[in-house]
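Notes for the one structure printed next.
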Amino acid sequence: MSKKKLAILTIVLAIILDQVIKVYVKTHYALGDGIEVYSWFQIHFTENNGMAMGFEFGGKAGKLFLTLFRVVAVSAIIYWLAGMLKRNAHTAVIVAISLIFSGAVGNIIDSIFYGVIFDASNQNVATLFSDNPYGNIFQGKVVDMFYFPLWQGTLPEWIPFVGGDFFTFFQYIFNPADAFISIGVALLFIYSKQAFPKEEEVIKE
């Protein structure tokens, strides 16, 4: 399989997987509901109004700015991917950039369209293609569901600032798109020499 076909296949499969899982969670759980698969792995449905890890800024205007920024970023990523394909970069680098692109697109789909195709999930299971959508275009909420509370307990008193506090590791809830981005970044770190070759290496190629 050519690297171009591998990139396209990675992107298509990743985006489909991301959206299938999000739509399933959205149409089977009310906000805050979930199941405990294991003590250290849970499905917990939540929605993210803004940035990663649940951060928000600027209300609706900030949300619109963030979505448009993501669109611009995705355009830059696809340009980067095209350049790497042209240079016949390492397969792992192609997969990494494809995963990052897929994750960004997956969350953009939520942000642009979910507000106009779903009704609210508060105390209800949402309806797909609802006649009473919860928002407007570009104002959708990103669906998160993967929760890995690997360890929970009270921190020792001797730890500065947080000693004695109850702590959960890992406390953040994320979605498949976030996972794809994280995996892609990790691959780029592992294959950093191939992803970011020195100038003389580029000339030599």
Legend entry - Qualifying side-chain hydrogen bond (donor to acceptor under 3.5 Å, both in side chains) pairs, either residue in residues 145-165, two or more places apart: Gln152-Thr168
Inset, instruction - Check the surroundings of atom CZ in Phe166: do more than 12 heavy atoms from other residues, nucleotides or ligands lie under 6.0 Å from it? - result: yes
Inset, instruction - For residues 95-111, pull every pair meeting salt bridge (charged side-chain N to carboxylate O under 4.0 Å, His left out), keeping only residues two or more places apart or in separate chains. - result: Lys22-Asp110
Inset, instruction - Would you mind listing every salt bridge (charged side-chain N to carboxylate O under 4.0 Å, His left out) that reaches into residues 94-109, with sequence neighbours excluded? - result: none
Inset, instruction - Go through the side-chain N and O atoms of Asn107 and Asp178 and say whether any donor and acceptor fall under 3.5 Å apart. - result: yes
Inset, instruction - Describe, in one word, how the ring planes of Tyr172 and Phe170 are oriented to each other, choosing from parallel (under 30°), tilted (30 to 60°) and perpendicular (over 60°). - result: perpendicular
Legend entry - Flag if over 12 foreign heavy atoms under 6.0 Å of CZ, Phe148: yes
Validation: residues 35-46 side-chain donor-acceptor distances under 3.5 Å, sequence neighbours left out:
none

Legend entry - With sequence neighbours excluded, residues passing ring-ring contact (aromatic ring centres under 6.0 Å, His included) with Tyr29: none
Legend entry - Gap between atom CG of Asn88 and atom NZ of Lys86 - 0.5 Å precision: 13.0 Å
Inset, instruction - With rounding to the nearest 0.5 Å, note down the distance linking OG1 in Thr10 to CD1 in Ile97. - result: 11.5 Å
Which pairs would a plain distance check flag for residues 118-126, meaning a side-chain donor or acceptor within less than 3.5 Å of a matching protein atom at least two apart in sequence or in another chain?
| from | atom 1 | to | atom 2 | distance (Å) |
| --- | --- | --- | --- | --- |
| Asp119 | OD1 | Thr127 | N | 2.7 |
| Asp119 | OD2 | Thr127 | OG1 | 3.4 |
| Asp119 | OD2 | Ser130 | OG | 3.4 |
| Ser121 | OG | Lys26 | NZ | 2.8 |
| Asn124 | ND2 | Asn122 | O | 3.0 |

